[in-house]
Amino acid sequence: MTPENHSQEDTGQQNRIVSAAGEKKLIDDRLSKTAQMRSLGIDPYPPRFDRTHTTVEAITLFERVEGDSSDTAEHLKTEPLRVAGRVMARRGQGKASFIDLKDGHGSLQIFARQNAMGDEAYSIIDLLDLGDIIGVDGTVIRTRRGEISVEATKITVLTKSMRPLPDKWGGLQDQEVRFRQRYLDLISNEKAMKNAILRSKVVQSMRGFMHGLGFIEVETPILVPVAAGAQATPFETHHNQLNRDLYLRIATELYLKKLIVGGIERVFEIGRLFRNEGLDHDHNPEFTTIESYQAYADYSDVMEMVENMVSHIALETTGSMILPAIEGRRPEIDLTPPWTRLDLRAEIKKRTGIDFVETSDVESLSQAMQERGIYVEQGSAWGRLLDKVISTEVEPHLVQPHFLIDYPIAMSPLAKQKPGAAGIVERFEGFVVGSELCNAFSELNDPVDQRERFEQQERMRDEFDDSETDRLDEDFLVAIEHGMPPTGGVGLGVDRLTMLLAGEESIREILLFPAMRNV
RNA sequence: GACGGGCUAGCUCAAUUGGCAGAGCAAGUGACUCUUAAUCACUAGGUUCGGGGUUCGAGUCCCCGGCCCGUCACCA
């Protein structure tokens, strides 16, 4: 990254961000200032600057000095300190200048006067541009207009910026640039930074909650020989030395259950899953889930854990279990446990009149759907059709948090059958604002039943040519043939939970670097 | 994948019925020692997403392509 070698034509065709003629002139101006600094013996990229205070700490310090002062003398100031940050705005006033400095915590005005700094030190002001990162030595004062400011004794260039920032007032509006160059979004838009911080807090809170319950956190393989554990199309790759095709995992489920077999009675993983599917406002090809498994628990216990976890995270990260209403989007959302439990069969019947026990084959279900104007995808398996009914007729009504309980066995190959309810498994999904948040069951631990279910899935794959049908994982079957205790498990979307807490409608606002088409 | 909307200076946005491509900010020069969207004067900055077509004339109309957004379809 030699500054001299800045010609955009030389950066290769893979460099998407080429400079138009007008932008090149702006860059040349900055390069010229960089050269001037060097000729003055100033390093535009010095290795170190020891700041003593963040902007926020400096302001707090001054307010304390003001508070401690008994008289109202107007020349109150702190001891000398050092702050650092990015130049966001500059107001030249001849032999005095004001700079708005922004760091990772907040903003602070810098007040620079020629007679206070000396001619030579003050001259650096002329070589500064918006976006430069500087260090400032000085004392904190309050200006006559009342703004807490650092009166500079010295300004040190820490990083000369080559490219102009987005408009200081209009900000960065272009969504494409916001997603492709998220750093500009973070610099310009407070919301972007807020969401990034919220996401970190959500994950931290989630970890804390799970560790508090005695769960062990693990990491399982991302490159796997069989993409099993969910119904999704995997990404394929290849290991050269092993000369073997591998897949990126579509779920962490089967590996975590192997750990339950191994005696880790409470286990969870927070990690990235990969699904080779379309992208839209709430789907990204890579996304993050937490999956947890607990021995000697069933889906009722897991339901309690989920509502406790989500409400706990909401309280810790937003200060309340009640999420504010957003005009035109959602009402106030109350995450306080317990969440309403709804029997899936009864709920579908109530919304559509369809009883999935009575329409237990593709033909009768298709007909029932068509009679109610629900689109029927030709060649779909029964479970897919019912899933369509649920997602179009039931989910949109689940605005406040709800659990849908007890799913048909045909669409749940990894869940345990419910005693006394033929064709039904102990499975639930959690919904908020019409969006699925989690999927959970009493895990199937009968190895003979599990093998039959996998084989059924394999037959369905052949019959319906459905690349998303779950796959048989022999290693997993061998594992549970050794005996897996009764277990309750759940998978919950971390991105979607963060969307909910942030009040965002698009997963792209939550992922720092969402998937984009190449230009 | 289908349909609809969008793409104009580094950024934010204008441009009437098809008739000279503009403003603010940012940049450059100058003035200014308490400004805060600083102010004032001047200067420069354009492949109107790319390609083709219609026309005396296209940012504007038509066709092809790219990218973004939205709705639908699929999934979590």
Side-chain angles (χ1 to χ4, degrees), chain A residues 16-17 19-30 32-33 74 88-100 107-117 122 125-126 129-131 141-149 151 162-180 184 188 230-233 250-251 273-289 291 375-377 380 384 387-388 391-392 395 429-431 435-439 466-468 491-497 499 505-508 514 516-519:
Chain A
R16 205 184 46 74
I17 304 164
S19 297
E23 188 176 27
K24 181 156 191 312
K25 183 177 171 296
L26 296 174
I27 292 171
D28 284 345
D29 284 341
R30 287 163 179 246
S32 154
K33 288 177 186 170
E74 57 181 62
M88 296 304 288
R90 196 169 42 143
R91 292 172 292 281
Q93 186 75 35
K95 295 184 174 62
S97 294
F98 298 88
I99 292 168
D100 290 343
S107 293
L108 180 58
Q109 179 172 266
I110 306 302
F111 179 33
R113 289 190 300 155
Q114 192 170 34
N115 62 354
M117 295 175 70
Y122 186 77
I125 298 269
D126 289 334
D129 283 296
L130 301 191
I141 56 138
R142 194 184 278 279
T143 63
R144 278 175 213 161
R145 291 292 181 89
E147 174 131 357
I148 296 174
S149 309
E151 178 156 32
M162 289 297 116
R163 290 177 183 269
L165 288 176
D167 189 84
K168 68 175 176 182
W169 189 246
L172 177 62
Q173 301 297 328
D174 187 325
Q175 279 201 58
E176 189 170 351
V177 176
R178 289 185 46 232
F179 297 154
R180 288 188 193 274
L184 294 178
S188 302
Q231 302 185 19
T233 309
I250 57 173
L273 304 184
F274 307 84
R275 298 188 182 178
N276 204 339
E277 290 158 1
L279 30 141
D280 62 27
H281 65 95
D282 59 8
H283 293 89
N284 196 69
E286 45 183 308
F287 61 103
T288 302
T289 61
E291 280 193 38
Y375 175 80
V376 176
E377 174 86 25
S380 292
R384 288 213 162 250
D387 196 50
K388 171 76 181 171
S391 60
T392 59
E395 288 180 20
E429 294 195 340
F431 295 88
S435 177
E436 181 186 336
L437 194 61
C438 66
N439 181 22
D466 188 341
S467 64
E468 294 180 0
L492 181 145
V494 173
D495 313 291
R496 290 209 176 155
L497 175 57
M499 283 165 66
E505 280 187 309
S506 172
I507 196 169
R508 295 188 180 92
M516 303 285 278
R517 273 192 185 80
N518 288 329
V519 173

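In what follows, chains are A, B, ... by sequence order, proteins preceding strands, each numbered from 1.
With rounding to the nearest 0.5 angstrom, the CE atom of A:Met117 is 10.0 Å from the CD atom of A:Glu151.
Using a 4.0 Å cut-off between charged side-chain N and carboxylate O, A:Arg91 and A:Asp100 make a salt bridge. Between A:Lys33 and A:Asp29 no salt bridge is recorded (no basic side-chain N to carboxylate O distance below 4.0 Å).
Among the heavy atoms of the strands lying under 4.0 Å from A:Asp280 is at least one base atom, whether or not backbone atoms are also near. At the heavy-atom level, A:Arg90 lies under 4.0 Å from the strands shown only through sugar-phosphate atoms. Residue A:Gln175 is in sugar-phosphate contact alone, with no base atom involved, counting any heavy-atom pair closer than 4.0 Å across all strands shown. Within 4.0 Å (heavy atoms only), A:Gly22 reaches sugar-phosphate atoms of the nucleic acid but no base atom. At a threshold of 4.0 angstrom between heavy atoms, the contacts of A:Asp126 with the nucleic acid are absent. In this structure, A:Arg30 reaches neither bases nor backbone, as no heavy-atom distance under 4.0 Å exists between it and the strands shown. Nucleic acid contact for A:Glu147: base, since at least one base atom lies under 4.0 Å from a heavy atom of the residue. Backbone-only engagement by A:Phe179 is indicated by non-hydrogen atom pairs under 4.0 Å involving sugar-phosphate atoms exclusively. Here A:Glu436 lies in heavy-atom contact (under 4.0 Å) with sugar-phosphate atoms only. Contact annotation for A:Asp100: no contact, since no heavy-atom pair falls under 4.0 Å across all strands. When heavy atoms are screened at a 4.0 angstrom cut-off, A:Gly171 is found touching the sugar-phosphate backbone but no base atom.
In the interface, the side chain of A:Gln109 is paired with the base of B:U35 through a donor and an acceptor atom under 3.5 Å apart.
Look at the P atom in both B:A2 and B:C64: the space between them is 12 Å, to the nearest Å. Comparing B:G18 with B:C62, their C1' atoms sit 13 Å apart, to the nearest whole Å. For the P atoms, the distance from B:A14 to B:C7 is 9 Å, rounded to whole Å. On the C1' atoms, B:C69 is 26 Å away from B:C25, given to the nearest whole Å. Comparing B:C63 with B:G4, their P atoms sit 10 Å apart, to the nearest whole Å. Rounded to whole Å, the separation between the C1' atoms of B:G28 and B:U33 comes to 23 Å. B:C68 and B:G52 have their P atoms separated by 24 Å, given to the nearest Å. A distance of about 32 Å separates the C1' atoms of B:U43 and B:G50, rounded to the whole Å.
With the nearest nucleotide of RNA chain B identified for both A:Pro166 and A:Thr143, A:Pro166 has the one nearer the 5' end. Heavy-atom distances to RNA chain B give each of A:Ile141 and A:Gly92 a nearest nucleotide, and the one nearer the 5′ end belongs to A:Ile141.
Close to B:C74, at under 4.0 Å from its OP1 or OP2, lies a side-chain N or O of A:Lys388. Checking the phosphate oxygens (OP1, OP2) of B:A27, no side-chain nitrogen or oxygen of A:Lys25 falls inside 4.0 Å. Phosphate proximity of B:C68 to A:Arg178: absent, as no side-chain N or O sits under 4.0 Å from OP1 or OP2. Applying the 4.0 Å criterion to OP1 and OP2 of B:G28, one finds that A:Lys33 has a side-chain N or O inside that range. A sub-4.0 Å separation between OP1 or OP2 of B:A38 and a side-chain N or O of A:Arg91 is present. Using a 4.0 Å cut-off, no side-chain N or O of A:Arg145 falls inside it from OP1 or OP2 of B:C34.
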So what's the dot-bracket for RNA chain B: Watson-Crick or G-U pairs under 3.5 Å, [ ] if a pair crosses, | if it pairs off-strand? (((((((..((((.....[..)))).(((((.......))))).....(((((..]....))))))))))))....

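Between A:Leu279 and A:Pro285, the closest side-chain pair of non-hydrogen atoms falls below 4.5 Å. A:Tyr122 is listed as a side-chain neighbour of A:Ser97, based on a closest heavy-atom distance under 4.5 Å.
With B:A27, B:U33, B:A38 as the candidates, the nucleotide lying closest to the side chain of A:Lys95 is B:U33. Distance from the side chain of A:Gln93 is smallest for B:U35 among the nucleotides B:C11, B:U35, B:C68. The A:Asp129 side chain lies nearest to B:G28 when the options are B:G28, B:A76, B:C68. When the nucleotides B:C68, B:U35, B:C25 are ranked by their closest atom to the side chain of A:Asp167, B:C25 comes out on top.
Between A:Asp29 atom CG and B:U29 atom C1' the separation is 12 Å, expressed in whole Å. Between the CD atom of A:Glu429 and the P atom of B:A76 there is a distance of 8 Å, rounded to whole Å. Taking atom CG of A:Asn276 as the reference point, atom P of B:C74 lies 18 Å away to the nearest angstrom. Between the NE2 atom of A:His281 and the P atom of B:A76 there is a distance of 14 Å, rounded to whole Å.
The minimum heavy-atom distance between A:Leu108 and A:Ile148, with the atom names listed, is CD1-O, 3.6 Å.
The aromatic ring of A:Tyr375 does not sit over the base of B:A73; the criterion of centres under 5.5 Å apart with planes under 30° is not met.
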